[in-house]
Asks: 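Okay, here's the structure, questions in a sec.
So you know, we letter chains A, B, ... as the sequences are listed, proteins then strands, and number each from 1.
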Protein chains: 2
Amino acid sequence: MTSPRPSLDATQLGAYFALIEASSLLKHAVEQQLREAGDLSYVQFQLLATLGDSPAGSQRMTDLADGVVYSRSGLTYQAQTLEKRDLVTRTPSSDDERSTTVTITDEGRAVLARVFPGHIAVLDDLLFAPLSRSDVETLADILARARDHMRQTPPRSAAPRRSKKPAGTTDQAR
Amino acid sequence: MTSPRPSLDATQLGAYFALIEASSLLKHAVEQQLREAGDLSYVQFQLLATLGDSPAGSQRMTDLADGVVYSRSGLTYQAQTLEKRDLVTRTPSSDDERSTTVTITDEGRAVLARVFPGHIAVLDDLLFAPLSRSDVETLADILARARDHMRQTPPRSAAPRRSKKPAGTTDQAR
DNA sequence: TATTGTTATACTCTATAACTATA
DNA sequence: TATAGTTATAGAGTATAACAATA
């Protein structure tokens, strides 16, 4: 539906591989640092950081999930894990009794603070070191456009081309 | 040890987030497509594709692992999985009896072929659609530099700053 | 009836350590 | 002794479906 004889040219291939590999290597390094410095997985760090940046250090479960892709159950799992360590609290919302408000605790903020310096050091050493200031600007611009586009584009049945699945699989998006 | 008062400016933050988010969204979409079209995980696809591009469709386990980051046991696991589906074969190497040669089968190539069109369609729709030709070139250039740098840079103890670990954890790289 | 969230459950993946066999 | 690979095992993470409660 996109092209009759689908193929990528060398430049596109290069961009794709470089994107996957660079982000993979970076994430790997960052995850290791987060684990060592604060015993946090990347997702847990993202959740804490998101809460830390929020107005009252709070977010509804649903809003949190929007930012971090997850399935609801996956978010519940992570929230439980963080709550056990007293890094967040969960309380029923006052306005809507159905929803749960997640709030970062002082201890949660402390862990964030403990983890940040090393986190930034990894980024500096691994991602920014080989790039010029203008490289970083350009990168930010291009990738932000790509990201925004992906966010807008619903993962519709991307290519139903002879998928040949066991005829029992649902085609649901996300 | 990289900077006294570590922090990132807005542009750097933007580049970092955009990189993580864009790659995450893209990988997610691609994984879904690979799963639906060929029941492959991303790693499995990478392994098959790597073998498909290799001279005789073969690689030693160790060489395969180099390209796809893994722990040896993780690669063994994936190789077993692929072998069960007859997408690869594993045979002891003739020159060095210790090593195992992994080879893609005709059926493995067939799965690759079945999966490719949709794979490319996802990339076109999600990653390349919002970018100009020169964007893609620039992206490829910058990210390739970043990736090469990360490959060269050993994940040395990135930030031993008050890591406060249980005093039993090793600091080993990778 | 739709939405918010949790639970139960099953599965995939990754990593560590111990082990075998060859160089 | 070092290297190649496997096995056993354990743990983290993710997703699906069924469910309860509120709107």
Side-chain angles (χ1 to χ4, degrees), chain A residues 24 27-29 31-32 34-36 38-47 58-66 68-85 88-102 155 168-174, chain B residues 24 27-29 31-32 34-36 38-47 58-66 68-85 88-103 155 166 168-174:
Chain A
S24 172
K27 203 172 173 189
H28 222 256
E31 277 180 330
Q32 184 181 316
L34 290 174
R35 186 68 69 187
E36 288 172 2
D39 195 29
L40 293 177
S41 69
Y42 196 77
V43 187
Q44 290 164 352
F45 170 73
Q46 281 182 306
L47 291 174
S58 296
Q59 289 260 287
R60 290 183 358 167
M61 289 288 283
T62 295
D63 299 331
L64 263 183
D66 285 350
V68 195
V69 183
Y70 280 69
S71 60
R72 291 172 183 283
S73 63
L75 179 55
T76 295
Y77 168 77
Q78 293 295 353
Q80 283 171 340
T81 301
L82 292 174
E83 192 178 37
K84 274 178 202 152
R85 291 174 57 186
V88 305
T89 59
R90 284 188 299 171
T91 55
S93 294
S94 46
D95 49 319
D96 187 337
E97 289 285 333
R98 288 173 305 180
S99 58
T100 298
T101 300
V102 187
T169 314
T170 26
D171 232 17
Q172 63 179 2
R174 189 174 284 182
Chain B
S24 173
K27 202 172 172 187
H28 223 257
E31 278 180 328
Q32 183 182 316
L34 290 174
R35 185 68 68 186
E36 288 173 2
D39 195 30
L40 293 177
S41 69
Y42 196 76
V43 186
Q44 290 165 353
F45 171 72
Q46 282 183 304
L47 291 174
S58 296
Q59 289 260 286
R60 290 184 358 166
M61 288 289 282
T62 295
D63 299 331
L64 263 183
D66 286 349
V68 195
V69 182
Y70 281 68
S71 59
R72 290 173 182 285
S73 64
L75 179 55
T76 296
Y77 168 76
Q78 294 295 354
Q80 282 171 341
T81 301
L82 291 174
E83 193 177 37
K84 274 176 204 153
R85 291 175 57 186
V88 305
T89 59
R90 285 188 298 170
T91 55
S93 294
S94 46
D95 49 319
D96 186 337
E97 289 285 333
R98 291 173 302 181
S99 58
T100 298
T101 299
V102 187
T103 308
T169 314
T170 25
D171 234 15
Q172 65 179 3
R174 190 177 281 183

Asks: Between E83(A) (side chain only) and R90(A) (backbone N and O only), is there a donor and an acceptor less than 3.5 Å apart?
Replies: yes

Asks: If you check every side-chain atom of R98(A), which of dT3(C), dT6(C), dA15(D) has the closest atom?
Replies: dT3(C)

Asks: Expressed as a whole number of angstroms, how long is the span from L75(A):CG to dG13(D):P?
Replies: 13 Å

Asks: Expressed as a whole number of angstroms, how long is the span from L34(A):CG to dA12(D):P?
Replies: 16 Å

Asks: Measuring from atom CG of L82(B) to atom OH of Y77(B), what distance do you get when rounded to the nearest 0.5 angstrom?
Replies: 10.0 Å

Asks: Expressed as a whole number of angstroms, how long is the span from E31(B):CD to dT12(C):P?
Replies: 14 Å

Asks: Could you tell me whether the side chain of T100(A) reaches within less than 4.5 Å of the side chain of T76(A), counting heavy atoms only?
Replies: no

Asks: Please enumerate all residues that pass salt bridge (Lys or Arg N to Asp or Glu O under 4.0 Å) together with E97(A), with sequence neighbours excluded.
Replies: none

Asks: Find the distance E97(B):CD to dT6(D):P and express it as a whole number of Å.
Replies: 14 Å

Asks: Would you classify T100(B) as touching base, sugar-phosphate or nothing, given that sugar-phosphate means primed atoms plus P, OP1 and OP2, and contacts are heavy atoms under 4.0 Å?
Replies: sugar-phosphate

Asks: So T81(B), base contact, sugar-phosphate only, or nothing? Heavy-atom distance under 4.0 Å.
Replies: nothing

Asks: Within the pair S99(B) and dA4(D), is there a side-chain N or O less than 4.0 Å away from OP1 or OP2?
Replies: no

Asks: Can a donor-acceptor pair be found between the side chains of T91(B) and T101(B) at a distance below 3.5 Å?
Replies: no

Asks: For S93(A), answer base if it contacts any base atom (sugar-phosphate contacts may also be present), sugar-phosphate if it contacts only those atoms, and nothing otherwise; contact means non-hydrogen atoms under 4.0 Å.
Replies: nothing

Asks: What is the distance, to the nearest angstrom, from the CZ atom on R60(B) to the P atom on dT22(C)?
Replies: 16 Å

Asks: Name the pairs: protein N/O against N/O of nucleotides 7-9 of chain C, kept only if under 3.5 Å.
Replies:
from, atom 1, to, atom 2, distance (Å)
dT7(C), OP2, Q80(A), NE2, 2.6

Asks: Kindly write out the residues that satisfy side-chain hydrogen bond (donor to acceptor under 3.5 Å, both in side chains) with T81(A), not counting sequence neighbours, or none if the list is empty.
Replies: none

Asks: Quickly work out the K84(A) NZ to dG13(D) P distance and round it to whole Å.
Replies: 12 Å

Asks: Verify the contact: side-chain N or O of Q44(A) to OP1 or OP2 of dG13(D), cut-off strictly under 4.0 Å; return yes or no.
Replies: yes

Asks: Without decimals, in angstroms, what is the distance between Y42(A) OH and dT14(C) P?
Replies: 18 Å

Asks: So, is H28(B) close to the dA15(D) phosphate, meaning a side-chain N or O under 4.0 Å from OP1 or OP2?
Replies: yes

Asks: Return the CG to CD distance between L34(B) and Q46(B), rounded to the nearest 0.5 Å.
Replies: 9.5 Å

Asks: Nearest to the D96(A) side chain among dA23(D), dC13(C), dA23(C), which nucleotide is it?
Replies: dA23(D)

Asks: Let me know the distance between CG of L47(A) and C1' of dT14(D), rounded to the nearest Å.
Replies: 14 Å

